[in-house]
Amino acid sequence: MTQWTLVDKWKNKPQGQVWRVKSESGELAYFKFAYPEQWYDAGPITGNEWLTRQLAKRVGLPCARVQRATLIDGGKTLRGIVSLPRVHRGLTSWAALPDNVKRRAEAHVNKVDLLAGTVAFDSWLTNIDRGSGHNVILFPALNGKYNWYLIDHGYCLYGCPRKWKDHHQQDAYWRQVWKFYHIPQGWQRLANKRRLMLMVARIRAIPEAEIRKLVNSVPDPLYSSAIRRDTIDLLITRQRQLERILDTWLRYSGKKESSL
C-alpha cells in the first residue's frame with residue numbers, strides 16, 4: 001500500500017472521513033476511511049469503493065482510480081482508500097453545469113449512452129448516492145465537449161448497516177428504484193429504454209463466476225464472509241432481475257430526478 005501524508009482534514013462526517021492527502025511523489029488525492037465507532041453509518045468504505053471500481057471497469061464506465069492506502073495521524077495508522085482525481089483544467093461536476101448544458105447533453109457531453117447507462121449500473125448496485133450530481137465529474141475534451149467520470153461509491157453494494165435498517169436485501173423496496181435512488185437533474189430524458197438496455201446487456205454478460213471471484217478478492221478485512229456472501233447474492237440476483245427492474249422504473253410516472 002502507498003504511504004500518504006495529510007494535507008488537511010477536509011470533511012469529517014458521521015458516514016466517514018474524507019481527508020486531502022499527498023503521496024511521496026507529490027500526487028494529491030482524497031483519503032477515505034471511517035473510525036470503528038462510525039461503522040453503522042459508514043460500513044466498509046474501502047471494499048465498497050474498490051469493488052464498484054472493478055465492476056465499473058468491467059462494463060466500460062469511466063470511474064476515478066482508487067487504491068488502498070495508509071496514513072499516520074497522531075501516532076495512529078489509519079487504513080482506507082484513496083480516490084485519485086484527474087489533473088485537468090476546467091474540472092466541474094454535473095451539478096455545476098449550466099441548465100442549458102444539462103438540457104442538451106448530447107450536444108455538450110461525450111458518451112451520453114454510457115452516461116445514461118449509469119442509471120442501470122447504479123440500480124444494479126443499489127447505489128443510494130448519485131442524485132446530487134456532485135459525484136459525476138466533467139472536464140473539457142479536445143472536441144469541445146465534456147468528458148466525464150464517476151466518483152464516490154461508498155454507499156454502493158453493502159454500503160453500511162444503516163442502508164438496510166428498514167428494508168432487507170431481498171425486500172421488494174429495492175426493486176422499486178425510485179424509492180431509494182433519484183437521478184441527477186436532466187438525466188430522466190437521457191435514460192431511455194435503449195440506453196438502459198445497452199448497459200443491462202453489458203452487466204448480464206459478466207459471468208457469475210467472475211462476480212464471485214471479484215467479491216471474494218475485495219482487499220478489505222472489514223468485508224466479512226457474511227458481507228461477501230450477501231454481496232454476491234445481491235449482484236447475481238439483481239443481474240438476473242435488472243431488465244424487469246428497469247422496465248418498472250421506466251413505466252413509473254412519479255418523481256425520479258433529484259430536486260438538488
Side-chain angles (χ1 to χ4, degrees), residues 2 4 7 10-11 18 20-32 49-67 69 81-125 127 129-154 156 181-203 205-206 257-258 260:
T2 304
W4 298 81
V7 174
W10 187 48
K11 290 184 180 180
V18 185
R20 283 187 275 233
V21 295
K22 184 169 63 174
S23 70
E24 294 175 348
S25 63
E27 189 171 23
L28 296 173
Y30 296 94
F31 177 65
K32 301 180 180 184
E49 291 272 6
W50 184 90
L51 182 53
T52 300
R53 160 72 172 165
Q54 307 313 309
L55 293 168
K57 284 169 56 181
R58 182 62 174 77
V59 298
L61 282 171
C63 193
R65 291 184 297 130
V66 296
Q67 62 180 240
I81 197 160
V82 293
S83 177
L84 295 106
R86 289 180 181 264
V87 179
H88 203 291
R89 298 178 102 182
L91 279 176
T92 188
S93 70
W94 182 270
L97 290 176
D99 287 343
N100 68 302
V101 175
K102 295 178 184 177
R103 287 194 301 267
R104 299 181 62 244
E106 288 92 343
H108 297 283
V109 180
N110 290 318
K111 299 183 178 179
V112 170
D113 283 358
L114 266 183
L115 183 69
T118 301
V119 174
F121 182 74
D122 285 341
S123 298
W124 180 35
L125 273 57
N127 185 9
D129 186 28
R130 183 79 69 197
S132 71
H134 290 292
N135 46 24
V136 182
I137 305 301
L138 302 98
F139 57 95
L142 293 176
N143 65 354
K145 295 185 178 184
Y146 286 103
N147 287 334
W148 55 273
Y149 65 98
L150 308 174
I151 64 170
D152 290 348
H153 297 112
C156 290
Y181 176 68
H182 283 150
I183 59 178
Q185 292 180 358
W187 282 26
Q188 187 164 334
R189 180 187 64 81
L190 299 177
N192 58 37
K193 184 166 185 175
R194 180 186 69 83
R195 287 169 170 156
L196 293 181
M197 294 307 148
L198 284 172
M199 180 54 66
V200 169
R202 294 185 181 210
I203 292 168
I206 305 174
E257 286 191 352
S258 172
L260 298 175

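What you see is a predicted model; the values in this text were computed from it and never measured.
- Aromatic ring orientation, Tyr30 versus Trp10: tilted (interplanar angle from 30° to 60°).
- In terms of heavy atoms, Pro140 sits closest to Gly90 at CD-O, 3.6 Å.
- Trp94 places a side-chain N or O within donor-acceptor distance of the main-chain N or O of Gln185, the cut-off being under 3.5 Å.
- Partner of Leu190 under the side chain to side chain contact (heavy atoms under 4.5 Å, CB included) criterion, chosen from Leu196, Val109, Val112, Ile183: Val112.
- At distances below 3.5 Å, at least one donor-acceptor pair connects side-chain atoms of Arg53 with backbone N or O atoms of Cys63.
- Between the side chain of Asn135 and the backbone N or O of Asp129, at least one donor-acceptor pair lies under 3.5 Å.
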Quick one, Met197 with Val200, criterion side-chain contact (heavy atoms from CB on, under 4.5 Å). Give me CA distance, side-chain angles, the key distance, then yes/no.
CA-CA 5 Å; Met197 294 307 148; Val200 169; 4.0 Å; yes

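- Taking the centre of each ring, Phe31 and Trp4 stay at or above the 6.0 Å mark.
- Scanning all heavy atoms of the two residues, the minimum distance from Ala29 to Ser83 falls at CB-O, 3.5 Å.
- Across every non-hydrogen atom of Leu114 and Val59, the tightest pair is CD2-O, 4.4 Å.
- For the pair Arg86 and Tyr149, the cation-pi test (distance below 6.0 Å, angle within 45°) is passed.
- For Ser93 against Leu138, the heavy-atom pair with the smallest separation is C-CD1, 3.4 Å.
- Under the 3.5 Å distance criterion, the side-chain polar atoms of Arg189 are matched with a main-chain donor or acceptor of Arg103.
- Closest approach of Ser258 and Gly131 over heavy atoms only: CB-O, 3.2 Å.
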Please step through side-chain contact (heavy atoms from CB on, under 4.5 Å) for the pair His182 and Gln188, ending with a clear verdict.
CA-CA 10 Å; His182 283 150; Gln188 187 164 334; over 6 Å; no

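- For the pair Glu257 (side chain) and Gly186 (backbone), a donor-acceptor distance under 3.5 Å is present.
- His153 and Asn127 make their closest contact through CD2-ND2, 4.4 Å (heavy atoms, listed as atom of the first residue, atom of the second, distance).
- Here the straight-line distance linking atom CG of Leu55 with atom CH2 of Trp124 works out to 4.5 Å at 0.5 Å rounding.
- In terms of modelled atom types and a separation under 3.5 Å, the side chain of Trp148 and the main chain of Asn110 share a donor-acceptor contact.
- Remark: side-chain polar atoms of Thr118 are paired, donor with acceptor, to backbone N or O of Leu115 under 3.5 angstrom.
- Put simply, the residue from Arg195, Lys145, Lys111 that forms a salt bridge (Lys or Arg N to Asp or Glu O under 4.0 Å) with Glu106 is Arg195.
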Before you tell me yes or no, could you show the steps for Asp122 and Met199 under side-chain contact (heavy atoms from CB on, under 4.5 Å), namely the whole-Å CA-CA distance, both residues' side-chain angles and the distance that decides it to 0.1 Å?
CA-CA 11 Å; Asp122 285 341; Met199 180 54 66; over 6 Å; no

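- A donor-acceptor pair under 3.5 Å is formed between the side chain of Ser23 and the backbone N or O of Glu27.
- Tyr181 OH to Arg130 CZ: the interatomic distance, rounded to the nearest 0.5 Å, is 6.0 Å.
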Walk me through it: do Leu150 and Val136 pass the test side-chain contact (heavy atoms from CB on, under 4.5 Å)?
CA-CA 5 Å; Leu150 308 174; Val136 182; 4.1 Å; yes

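- Between the CG atom of Leu125 and the OG1 atom of Thr52 there is a distance of 5.0 Å, given to the nearest 0.5 Å.
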